[in-house]
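Before any comments, here is the structure.
Please read these numbers as outputs of a predicted model, since none were measured by experiment. For the numbers below, each heavy atom of this structure counts, side chains included, while hydrogens, waters and symmetry mates do not.
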There are 2 protein chains.
Amino acid sequence: MSTRDALLEVTARLFADHGWRGTTTRRIAEAAGVNEVTVFRTFGSKDALLMESIRVQSAAAMPDVLPAEPGDLRSELTAWGMAHHARLHERRSMIRTCLAEFEEHPELGPVACEGAEVTIADSIRYLGEARRRGLLGPEGSLEAATVMLMNAIFLDAITRDVVPGCAPVPAEDAVAGFVDLTLRALGAGVAA
Amino acid sequence: MSTRDALLEVTARLFADHGWRGTTTRRIAEAAGVNEVTVFRTFGSKDALLMESIRVQSAAAMPDVLPAEPGDLRSELTAWGMAHHARLHERRSMIRTCLAEFEEHPELGPVACEGAEVTIADSIRYLGEARRRGLLGPEGSLEAATVMLMNAIFLDAITRDVVPGCAPVPAEDAVAGFVDLTLRALGAGVAA
DNA sequence: CACGATTGCAAGTACCTGCTTGCATGATCC
DNA sequence: GGATCATGCAAGCAGGTACTTGCAATCGTG
């Protein structure tokens with residue numbers, strides 16, 4: 001791996017754990033097994049390295065997509081929710097830090113969450129198709145249901161280790177519960 | 001206001017905006033209109049001041065409670081959701097910072113979110129009473145519904161200004177939508 | 001009035017911060 | 001084999017960090 005890639009990788013990890021200020025160029029160099037001067041020769045400044053590191057990290061996360069044609073809603077939504085939850089849980093430190101750091105570095109708002117919109121759109125598309133096929137009842141906002149389900153999964157994934165008392169249920173059960181309620185709200189049982 | 005209280009107040013604000021490292025004793029003293037030495041004479045150390053400041057700030061937030069006896073579920077839940085959303089939105093900077101800072105200061109995990117559990121319990125109590133009175137259908141987990149609703153409201157409240165693209169709906173509509181889906185999921189319409 | 005507590009002020013300590021400079025070393029390429 | 005390039009190393013800069021010390025001024029209370 002090139003020096004550049006090594007620096008980007010350790011910087012992302014340090015940033016997730018220690019924030020912008022806590023990620024010092026000395027620590028980055030030491031963690032990458034590289035002289036501190038190399039950091040500045042490669043990226044020019046600490047800020048440039050951090051921005052690039054977060055950008056690369058975010059771009060590498062692939063979105064979770066639902067099947068093109070809805071079949072068994074419960075199993076498909078549950079599998080999708082679990083995968084989404086797992087992906088968010090892996091990146092929870094980075095996400096939490098970005099949320100806080102947004103106060104002082106608003107420029108990383110767009111870069112950090114560009115994937116969410118496409119996932120929301122895909123879920124709405126999926127539920128819309130399901131309704132068209134009669135797998136869902138005619139009532140209940142699909143947009144609100146998508147946002148509510150994704151919000152619930154997102155928050156559980158990034159706060160699970162912080163406040164265990166507030167989420168005593170295992171992650172799988174939590175996701176399954178959210179999916180069950182979403183399907184009930186959209187009249188999945190009634191139509192089937 | 002005493003010097004001590006002034007320090008606690010500005011420290012909480014600075015912490016919410018700049019994090020633990022970014023909240024320097026110089027800034028605290030300057031913002032409070034006090035000499036820096038007074039900070040150390042009053043609290044001993046920066047860490048002690050920050051912990052006390054966050055503790056006081058969290059303890060001051062009163063929980064939102066639902067009516068003792070459920071009447072009109074939709075209006076009561078919506079009013080409660082709006083109030084809860086507004087309260088979280090006010091404290092969003094502090095909450096986001098605490099979530100990120102938990103990595104380096106795990107000790108503030110319990111102190112920062114002690115209020116959530118009682119609110120969850122109150123909501124479950126309310127929905128249970130509603131079901132007992134036949135205002136809700138017999139199916140659907142009340143615990144999961146409570147957590148899902150609160151998660152959705154919580155995340156919307158603390159990320160609304162960060163990722164406006166992900167939540168283009170006004171807060172009132174978002175909360176109303178979440179409440180509507182929750183009631184649908186628990187069979188409020190059916191039973192009524 | 002005197003005493004004690006609170007605070008301000010100036011200075012200083014030891015360490016960390018981002019960043020720079022000058023020079024040596026090794027590999028790579030023509 | 002010589003030139004170029006990436007990198008390491010040692011040192012240093014100016015400024016910030018938490019925190020301390022000593023001393024003077026203020027103020028309420030006895």
Strictly below 4.0 Å, heavy-atom distances to any atom of DNA chain D: list the hits from residues 33-50 of chain A, or just say none. A:Gly33, A:Val34, A:Asn35, A:Val37, A:Thr38, A:Arg41
Could you tabulate the donor-acceptor pairs under 3.5 Å formed by side-chain atoms of residues 5-13 of chain A, not counting sequence neighbours?
{"from": "A:Asp5", "atom 1": "OD2", "to": "A:Ser2", "atom 2": "OG", "distance (Å)": "3.4"}
{"from": "A:Thr11", "atom 1": "OG1", "to": "A:Leu7", "atom 2": "O", "distance (Å)": "2.6"}

Name all pairs fulfilling the salt bridge (Lys or Arg N to Asp or Glu O under 4.0 Å) condition that reach into residues 24-35 of chain A, sequence neighbours left out, sorted by first residue then second. A:Arg26-A:Glu36
Tell me which residues in residues 18-30 of chain B put a heavy atom below 4.0 Å from DNA chain C, sorted by number, or none. none
Going by number, which of residues 7-15 of chain B have a non-hydrogen atom under 4.0 Å from DNA chain C? none
Only counting residues at least two apart or in another chain, list the ones meeting side-chain contact (heavy atoms from CB on, under 4.5 Å) with [X].
{"X": "B:Glu139", "value": "A:Arg184"}
{"X": "A:Ala130", "value": "A:Pro70, A:Leu73, A:Leu135, A:Leu136"}
{"X": "A:Pro63", "value": "A:Val118, A:Thr119"}
{"X": "B:Ser93", "value": "A:Glu103, B:Ala16, B:Asp17, B:Arg96"}

How about [X] and [Y]: do any of their side-chain heavy atoms sit closer than 4.5 Å?
{"X": "B:Thr146", "Y": "B:Thr182", "result": "no"}
{"X": "A:Met82", "Y": "A:Thr78", "result": "yes"}
{"X": "A:Tyr126", "Y": "A:Glu76", "result": "yes"}

Which residues pass the ring pair (Phe, Tyr, Trp, His ring centres under 6.0 Å) test with A:His18, not counting sequence neighbours? none
Ring pair (Phe, Tyr, Trp, His ring centres under 6.0 Å) against B:His105, all qualifying residues, sequence neighbours excluded: B:Trp20
Look at B:Arg55 together with B:Glu52 and state whether they make a salt bridge at an N to O cut-off of under 4.0 Å. yes
Quick one: how far along DNA chain C does chain A reach, first to last nucleotide 5' to 3', anything under 4.0 Å to a heavy atom? C:dT17 to C:dT21
